[in-house]
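Please read the structure below before turning to the comments.
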Amino acid sequence: MSQEAVIQQGPGHLASMAHEGESIIKVVDMHKWYGEFHVLKGLNLDVRTGERIVICGPSGSGKSTFIRCINRLEEHQQGQIIVDGVELTDDLRNIELIRREVGMVFQHFNLFPHLTVLENCCLAPIWVRKTPRKEAEEAAMKYLERVKIPEQAKKYPGQLSGGQQQRVAIARSLCMNPKIMLFDEPTSALDPEMIKEVLDVMIELAASGMTMLCVTHEMGFAKTVADRVIFMDRGEIVEQGVPQEFFNNPQEPRTQQFLQQILNH
Amino acid sequence: MSDSAQAQVIRPPKVDRGVIGWIKQNLFPSWFSGILTVVLGYFIITSLISIIDWGILRANFVGSTAADCSGGGACWVFIGTRMDFFIYGFYPEAEHWRINLVYLVFGLIIVPQFFKAVSSRIKMILGIFGVTIFPIFAFVMIYGSETLGLTHVATSQWGGLTLTLILAYVGIVAAIPIGILLALGRRSDMPLVRALCVVFIEFWRGVPLITILFMASVMLPLFLPDGVTFDRLLRALIGITLFQSAYMAEVIRGGLQAIPKGQYEAAEAMGLGYWRSMGLIILPQALKIVIPGIVNTLISLFKDTTLVLVVGLFDLLRTVQATIVDPAWRNVATEGYVFAAFVFWVFCYGMSRYSQMLEEKLHTGHKR
Ligand SMILES: Nc1ncnc2c1ncn2[C@@H]1O[C@H](COP(=O)(O)OP(=O)(O)OP(=O)(O)O)[C@@H](O)[C@H]1O
Ligand SMILES: [Mg+2]
């Protein structure tokens, strides 16, 4: 595991962080089973504040399961996950504490269809952070501007396009002022012409220094934004490295095969 | 999004073909349908004519005794003279104003709900008032309170439409929250909670309401220690509420199951926690989906209140049954039952209309 060196010489061509070097997520020899099925087999990962990580790998390799363990949407059965200094255990209070600091964007947006865009954004700040409504709405408008859809604030999610919905979902997560953002294939449910508008928002977010873990097959995004690319297969981290190394000179045969497949696509 | 800005506006084709066209298409599209139309039309028209003839043309509306019913049609005079009994039961006449006041407040809560012009905020405030303060107010008014100088009226004297509405209202207001809790419990991660809810639901759903009412009035006293009495009305209320909340729970569970997993996950991922996730995200959507099922259950609850006559309570139907046998009047059974049916229909139809309005209002564009 020579990630140390890898991170030091990371591209860092985007904003560099004040606390760079401080570990914010630490995963140690983590295992997970679905019944008898061993999905994650001893994962180790150390994420530093401000780091942008792209996770890729073939379907069914456990990418989603992995990042869902980080905010405890899935439970791991062995090993340790420490997020922002708090270890994830059965303690519900810890879990809620961590979820406040970790935003998540889903493949299918998962906006709340019975609430307007603005209400979607304000809900968690008001009910979890106890922000006064007016303040929460102002903050939400700021984030909606940042994802370039302030004019949709009063609409319902069902009235927006997929790309717009995903941008709302990103804004909704940002409204909680999270320290970490998790993305699970945020563009794979979108039509090609909408992918760019979402990626642009994510690139801008990366430039602002957000710690990001992103499961995606958008290799262009990985090349421009990621500090590190992780390749998973069959529940293991097979290879990781800075994008340049990773794409130009993959070491493992499984990585080579995977890259060949998606790049020829 | 304004893609058709310069494009010429093309209207959908008009399908109006006039009255003749409509009749031809809908009533006589083929020989067979044409014959059906004629036969059914004949029956509908003849029965309508005889109903109108009996119920209005030859009916008597004014008067006070059987002698005033000379038209040969319906004797609505009978209903008129017994109206007080149908509404108040055996409630002392001098105290009727107390019930009237409750009806007035009830009307002020309910009627605005049917008008689009009233803002949702006001409707909500009225609704909350209706399920919190109003029941207490109604109870104090109807039951009486020494401190307020209202004489006590025993529940055995309550009756008629008032009793029917009390049974239905308490049943509705209590069955929905209990049903929600049972539905959530049945989907809980905790095996004990889940098991308790399943047993509860399956028990109450598996027994006919009439049996429950009998058990509550005949068997319950056997198990209670001597001297402990339990109000008969209260027993019926508890029986109806628990019975209907089991049905309600299953209806609501259907709604909970229809909510995609992603909604639960998004709510959880925000750190909302269980109760806020349910209260703010899941239930508002789930309840909206099952409004037709909920209202269906409420309507059947409303009609099932008539079963309390088996335990000797005088609900509307029972007051009607008790008066139509009066020898002073010739056969007025039809009038009595038509009247009872009409009253029940008005309330049930009102609930149905209200649910349709609610569905329309809560519609927020294309789903997902
Ligand atoms: N709830 C579950 N119960 C049982 N098995 C599951 C469950 N969720 C996922 N799996 C299995 O775990 C494995 C990993 O799933 P996961 O969704 O993490 O893969 P992924 O890498 O995200 O794939 P994709 O690219 O298709 O999203 C798959 O084989 C999947 O079938
Ligand atoms: Mg996945």
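None of these values were measured; they are calculated from a predicted model. Within every chain, numbering begins at 1; the chains are lettered A, B, ... in the order of the sequence lines, protein sequences first and strands thereafter.
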Crowded around [X] [atom1]? As in, over 12 foreign heavy atoms under 6.0 Å?
X         : atom1 : result
Met124(B) : CE    : no
Asn26(B)  : CG    : yes
Lys26(A)  : NZ    : no
Lys130(A) : NZ    : yes
Lys196(A) : NZ    : no
Leu104(B) : CG    : yes
Phe129(B) : CZ    : yes

Checking Asn71(A), Ile95(A), Leu73(A) against Glu268(B) for side chain to side chain contact (heavy atoms under 4.5 Å, CB included), the one that qualifies is Leu73(A)

Test side chain to side chain contact (heavy atoms under 4.5 Å, CB included), reference Met270(B), set Met104(A), Arg172(A), Glu96(A), Arg99(A), output is Arg172(A)

For [X], which atoms come within 4.5 Å of any heavy atom of chain B: side chain, backbone, both, or neither?
X         : answer
Phe106(A) : side chain
Ile98(A)  : neither
Val105(A) : neither
His108(A) : neither

State, with a plain yes or no, whether a side-chain heavy atom of Arg68(A) is found less than 4.5 Å away from one of Glu265(B).
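Yes, their side chains come closer than 4.5 Å.
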
| Are Leu115(A) and Leu280(B) close enough that some pair of their side-chain heavy atoms sits under 4.5 Å apart? |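 Result no, sub-4.5 Å side-chain heavy-atom pair not found.
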
From the list Leu111(A), Val102(A), Leu97(A), the residue making the most non-hydrogen contacts under 4.5 Å with chain B is Leu111(A)

Max heavy-atom pairs within cutoff under 4.5 Å with chain B, candidates Leu92(A), Thr116(A), Leu182(A), Leu123(A), goes to Leu123(A)

Requested in this report: Of all the heavy-atom pairs spanning Asn110(A) and Ala266(B), show the shortest one and how long it is.
Outcome: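 The pair with the smallest heavy-atom distance is O-CB, 3.5 Å.
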
- Point-to-point distance, once rounded to the nearest 0.5 Å, from OG of Ser277(B) to CZ of Phe112(A):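 Answer rounded to 0.5 Å: 7.5 Å.
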
